[in-house]
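Everything below concerns the one structure shown next.
Just so you know, ligand 1 is whichever comes first in the structure, and atom 1 is the first atom listed for that ligand.
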Amino acid sequence: MSVDLLLGLQWGDEGKGKIVDVLTKDYDIIARFQGGPNAGHTLKFDGISHVLHTIPSGIFHPSALNIIGNGVVIDPVIFKGELDKLAPFNIDFAKKLFVSKKAHLILPTHRLLDAASEAAKGKAKIGSTLKGIGPTYMDKTGRNGIRVGDILLSDWKLRYEALRDKHLKMLSHYESQIDFDLASLEATFFESLETLKELPLIDSEDFLHTAQREQKKILAEGAQGSLLDVDFGTYPFVTSSTTTAAGACTGLGIAPNTVGEVYGIFKAYTTRVGSGPFPTELFDEDGETMGRVGQEFGATTGRARRCGWIDLVALKYAIRVNGVTQLMMMKGDVLSGFETIKVCTAYATAEGEIEHFPFSIEPENVSPVYIELPGWEEDLTQLTAEDQFPASFSAYIAYLEKELETPIKIVSVGPDRKQTIFR
Ligand code: GDP
Ligand code: IMO
Ligand code: MG
């Protein structure tokens, strides 16, 4: 049985959590394959709003199993906090939540290194969520990391101490020192590891291969978005993992020729949180309106998200890199009331207009070329079917489908599970 993928096509926060939650009823297994607690996936149903960071967004459904794959990096402290917050839902984690032994652990000193590195960068800072993501993936590829399975080994403490001491030496090299209380950080870390140990720690690639043979339906849930991919994103203002389709193969051990549908999810406009270039960013009232109506504040850090018009150059690029087969458009409701909607169709450069996503999209190299489409006044949040769409909203969708050469199968008109229209 093939594995379907759900991937963010912009700079993250497209609404992945909501859609995974909506789709889970059709799947047996939901698996996260990269990223870590830098992610914040919001789910809304029955008047409840819940944010998940490490736990897959299928966790609220009665039957689906949830897997944290080898490509994910786990902070046991944040993970325990997530489990604690789920206590009112009476979920039997030992039966529903499985963790790869090959997933890497975020140590307290990884977080400190992230903070020190960002502070040292000054104005050039990435705008990291400071969850220790970069340093943990650096240790993984540098072959120094500690994996979940290591905590079951008898010499695990020695391994931990060796890496911690190395980190402390690295920290001492930074010019401006950050304050921390290591003893207290370590106490919380070790206590939280006990909670992690209570879950089934598995060889997740084998678990998934067996599930595939048994014809189980599997959905891989991406974190972040294609424009934050370490290779294809706006480097260096990216995260440290492969957020694109290939990341699902390395982050779960599934073979590329067993990938089925690739769902690409995007907002009807664009947002970005943290530093880095963003050609269609708005600094005017329109951008302020998008942020206010769309409640664009980071689900992990609470930072205000930067807002701007939709960027088809970037979206086409993301669709190609991922091999997207179906699109899902989120937050169309936020654009109600704009007289005209702008769509970026090309970038103006010193060499003329281009339609491909170039090496650099810094403002000195590209500026957006827009076309304008008529907006709509109507509130979309109560709509339940496509035939109720205002004509201009339907025209916007039709235009995007034509340009992106990919069908838009889901239109979301509000944060709740119910505000989801299938086409
Ligand atoms: P994720 O990281 O991709 O899961 O997305 P986030 O949860 O970080 O951010 C998406 C935000 O938009 C959350 O607050 C959602 O509740 C909200 N949201 C999702 N879909 C819609 C929609 O169609 N309309 C509106 N107004 N809000 C939405
Ligand atoms: P979800 O899964 C939006 C951004 C950070 C920063 C850059 C690097 O909720 O879509 P990192 O902490 O990874 O070192 O930060 O990436 N970033 C996200 N932006 N949504 C996310 O996840 C993000 N995860 C990281 O703001 O610019
Ligand atoms: Mg998010």
Checklist entry - To which of G274, G127, G15, G35 does the heavy atom nearest atom 6 (C) of ligand 2 belong? => result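 Answer by nearest heavy atom: G127.
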Checklist entry - Who's closest to atom 22 (O) of ligand 2 heavy-atom-wise, of H41, R303, Q224? => result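 Ranked by closest heavy atom to atom 22 (O) of ligand 2, first place is Q224.
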Would you say [X] and ligand 1 have an N/O pair spaced under 3.5 Å apart?
| X | answer |
| --- | --- |
| K267 | no |
| E14 | yes |
| G414 | yes |
| G40 | yes |
| G332 | no |

Is ligand 1 less than 4.0 angstrom away from at least one heavy atom of [X]?
| X | result |
| --- | --- |
| M330 | yes |
| G12 | no |
| G294 | no |

Contacting atoms of ligand 2, where contact means under 4.0 angstrom from a heavy atom of [X]:
| X | answer |
| --- | --- |
| W11 | 3 (C), 19 (N) |
| T239 | 11 (P), 13 (O) |
| A39 | 1 (P), 2 (O), 9 (O), 22 (O) |
| V273 | 3 (C), 5 (C), 19 (N), 26 (O), 27 (O) |
| L228 | 4 (C), 16 (O), 17 (N), 18 (C), 19 (N) |

Checklist entry - Is ligand 2 under 4.0 Å from a heavy atom in the side chain of K16, in the backbone, in both, or in neither? => result side chain
Identify the protein heavy atom lying closest to [atom], giving its residue, its atom name and the separation to 0.1 Å.
| atom | value |
| --- | --- |
| atom 11 (C) of ligand 1 | K331 NZ, 3.7 Å |
| atom 16 (O) of ligand 1 | P415 CB, 3.4 Å |
| atom 15 (C) of ligand 1 | T42 CB, 4.0 Å |

Checklist entry - Which atoms from ligand 1 have a heavy atom of R305 less than 4.0 Å away? => result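 Near R305, meaning under 4.0 Å from one of its heavy atoms, ligand 1 has 6 (P), 8 (O), 9 (O).
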Checklist outcome for this item: Any heavy atom of K18 under 4.0 Å from ligand 1? The part involved is side chain
Checklist entry - Considering only heavy atoms, does I265 approach ligand 1 within less than 4.0 Å through its side chain, its backbone, both, or neither? => result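 None of I265 does.
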Checklist entry - Just wondering, do L23 and M328 contact through their side chains at under 4.5 Å, heavy atoms? => result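 Yes, side chains in contact.
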Checklist entry - Can you tell me the angle formed at the Mg ion (ligand 3) by O of G40 and OD1 of D13, to 10°? => result 170°
